[in-house]
Asker: 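Please find one structure pasted underneath; my questions will follow.
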Amino acid sequence: MEQMITCINCPVGCRMKVTLNEAKEVVSVEGNTCPRGRKYAMQECTLPLRMITAVIPAEHSATPLSVKTAAPVPKHLIPQIMKQLRQLRVSAPVQMGQVILPDICGTGVNLIATRPLPADQ
């Protein structure tokens, strides 16, 4: 099986052809101009990962809290993760970098605050 993908690691945007075997393992990558492109193609075609950013309601604050995953998570888990985020509520104050939800959906990745959120006066 062949897949055509565009590398997003740099502004060049190499168009790559990735060939997979029946076990969905990468057999070859063509069209990349650097090693980062090959690494990206192999990851994207076997287990795509994504960062998640979102906002969640914060008690004692008129402003929602912006959060993100501390590392990329498997793309197929995004619906589960977003469902979990919809149920989250935090209380201000919150510090930037504070872990809001550890090990989200069993990924080993923490959900963290991306900015401080003081309590409203």
Side-chain angles (χ1 to χ4, degrees):
M1 171 177 26
E2 291 182 354
Q3 287 185 299
M4 294 299 294
I5 65 171
T6 302
C7 183
I8 60 171
N9 276 310
C10 76
V12 174
C14 295
R15 191 84 174 124
M16 299 178 289
K17 180 170 78 171
V18 183
T19 305
L20 305 169
N21 63 18
E22 290 80 25
K24 297 193 178 182
E25 299 167 329
V26 175
V27 175
S28 68
V29 177
E30 300 171 21
N32 58 302
T33 58
C34 73
R36 290 185 306 164
R38 178 175 172 72
K39 182 179 176 185
Y40 171 77
M42 293 178 75
Q43 179 69 56
E44 188 64 15
C45 291
T46 57
L47 180 63
L49 299 174
R50 299 291 184 269
M51 292 291 290
I52 294 179
T53 61
V55 293
I56 57 174
E59 295 176 9
H60 313 298
S61 175
T63 307
L65 177 65
S66 61
V67 295
K68 72 172 188 169
T69 52
V73 294
K75 183 179 175 183
H76 73 274
L77 291 179
I78 291 175
Q80 272 181 265
I81 291 170
M82 294 308 291
K83 182 177 180 182
Q84 203 168 16
L85 293 185
R86 282 191 293 276
Q87 298 169 358
L88 272 182
R89 299 293 180 270
V90 296
S91 293
V94 175
Q95 301 301 311
M96 184 168 76
Q98 181 178 329
V99 174
I100 303 303
L101 184 62
D103 189 25
I104 193 163
C105 290
T107 60
V109 176
N110 295 334
L111 184 74
I112 60 171
T114 62
R115 66 181 189 85
L117 184 66
D120 285 343
Q121 305 305 340

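Hydrogens, waters and symmetry mates are skipped; everything else that's a heavy atom, side chains included, is used.
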Asker: Under 4.5 Å between side-chain heavy atoms, counting indirect links through other Ile/Leu/Val/Met/Phe/Trp/Tyr residues: same cluster for Val18 and Leu49 or not?
Answerer: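 Not linked; separate clusters.
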Asker: Find out whether Gln3 and Leu20 are in side-chain contact, i.e. whether some heavy atom of one side chain is under 4.5 Å from a heavy atom of the other.
Answerer: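 When only atoms from C-beta onward are counted, Leu20 and Gln3 do touch, with a gap below 4.5 Å.
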Asker: Should Ile8 and Met42 be counted in the same cluster of Ile, Leu, Val, Met, Phe, Trp and Tyr side chains packed under 4.5 Å apart?
Answerer: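 Looking at the clustering, Met42 is in the same group as Ile8.
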Asker: What are the two closest non-hydrogen atoms of Glu59 and Ser91, and how far apart are they?
Answerer: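 What the structure gives for the nearest pair is OE1-OG, 3.4 Å.
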Asker: In terms of hydrophobic clusters joined by side-chain contacts under 4.5 Å, are Val109 and Leu47 together?
Answerer: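 In one cluster with Val109: Leu47, no.
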Asker: What's the shortest heavy-atom distance between Leu117 and Ala92, and which atoms?
Answerer: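 That would be O-CB, 3.8 Å.
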Asker: Drop me the distance from Lys24's NZ to Cys45's SG, to the nearest 0.5 angstrom.
Answerer: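 If I round to the nearest 0.5 Å, the distance is 11.0 Å.
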Asker: Report yes or no: do Met16 and Met1 belong to one cluster of Ile/Leu/Val/Met/Phe/Trp/Tyr joined by side chain heavy-atom distances under 4.5 Å?
Answerer: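 Same cluster.
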Asker: With side-chain contact (heavy atoms from CB on, under 4.5 Å) as the test, pick out the partner of Val67 among Ile112, Val94, Leu111.
Answerer: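 Checked Ile112, Val94, Leu111 against Val67; only one passes side-chain contact (heavy atoms from CB on, under 4.5 Å): Leu111.
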Asker: Salt bridge between Glu30 and Arg38, side-chain N to carboxylate O under 4.0 Å?
Answerer: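 A salt bridge is absent here (no side-chain N lies under 4.0 Å from a carboxylate O).
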Asker: Any side-chain to backbone donor/acceptor pair from Gln98 onto Gln95? Under 3.5 Å, distance only.
Answerer: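 It does hold such a pair.
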Asker: Heavy-atom distance under 4.5 Å between the side chains of Ile78 and Ile52, does that happen here?
Answerer: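 Yes, their side chains come closer than 4.5 Å.
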Asker: Are Ile100 and Met96 linked, directly or through other ILVMFWY residues, by side chains that come within less than 4.5 angstrom of each other?
Answerer: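 No, separate clusters.
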Asker: When you measure from the side chain of Thr107 to the backbone N and O of Asp103, does any donor-acceptor pair fall under 3.5 Å?
Answerer: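 Here the side-chain-to-backbone pair does not exist.
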Asker: Looking only at heavy atoms, which two atoms of Met51 and Pro72 are closest? And how far apart?
Answerer: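 Residues Met51 and Pro72, closest heavy atoms: SD-N, 3.3 Å.
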Asker: Compare every heavy atom of Met82 with every heavy atom of Ala54, then report the nearest pair and how far apart it is.
Answerer: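 Scanning both residues completely, I find the closest heavy atoms to be CB-CE, 4.4 Å.
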Asker: Apply the test side chain to side chain contact (heavy atoms under 4.5 Å, CB included) to residues Arg115 and Thr63: give CA-CA distance (whole Å), side-chain angles for both, the deciding distance (0.1 Å), then the verdict.
Answerer: CA-CA 11 Å; Arg115 66 181 189 85; Thr63 307; 2.8 Å; yes
Asker: Does Ile104 form a side chain to side chain contact (heavy atoms under 4.5 Å, CB included) with Asn110? I'd like the steps, not just the answer.
Answerer: CA-CA 6 Å; Ile104 193 163; Asn110 295 334; over 6 Å; no
Asker: Is there a side-chain contact between Val29 and Asn32 (heavy atoms, below 4.5 Å)?
Answerer: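 The answer is yes, as the side chains (C-beta and beyond) meet within the 4.5 Å cut-off.
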Asker: A side-chain contact here means heavy atoms from C-beta on lying under 4.5 Å apart; do Thr114 and Thr53 qualify?
Answerer: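 Contact flag for Thr114/Thr53 side chains = no.
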Asker: Would you give the length of the straight line joining atom CZ of Arg36 to atom SG of Cys14, rounded to the nearest 0.5 angstrom?
Answerer: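 Here the interatomic distance stands at 9.5 Å.
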Asker: Would you call Thr46 and Glu25 a side-chain contact if the rule is heavy atoms closer than 4.5 Å?
Answerer: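 In short, these two side chains do not touch, never coming nearer than 4.5 Å.
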Asker: Applying salt bridge (charged side-chain N to carboxylate O under 4.0 Å, His left out), which residue pairs with at least one partner in residues 68-95 are found, sequence neighbours left out?
Answerer: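 Residue pairs passing salt bridge (charged side-chain N to carboxylate O under 4.0 Å, His left out), neighbours aside: none found.
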Asker: Where is the tightest heavy-atom contact between Arg15 and Thr6, given as atom of each residue plus distance?
Answerer: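 Reported closest heavy-atom pair: NH1-OG1, 3.0 Å.
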Asker: Looking only at non-hydrogen atoms, find the nearest pair between Asn9 and Tyr40 and report the distance.
Answerer: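 Shortest heavy-atom separation between Asn9 and Tyr40 comes out as ND2-CB, 3.0 Å.
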Asker: To the nearest 0.5 Å, what is the distance between SG on Cys105 and CD1 on Ile81?
Answerer: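 Separation between the atoms: 5.0 Å.
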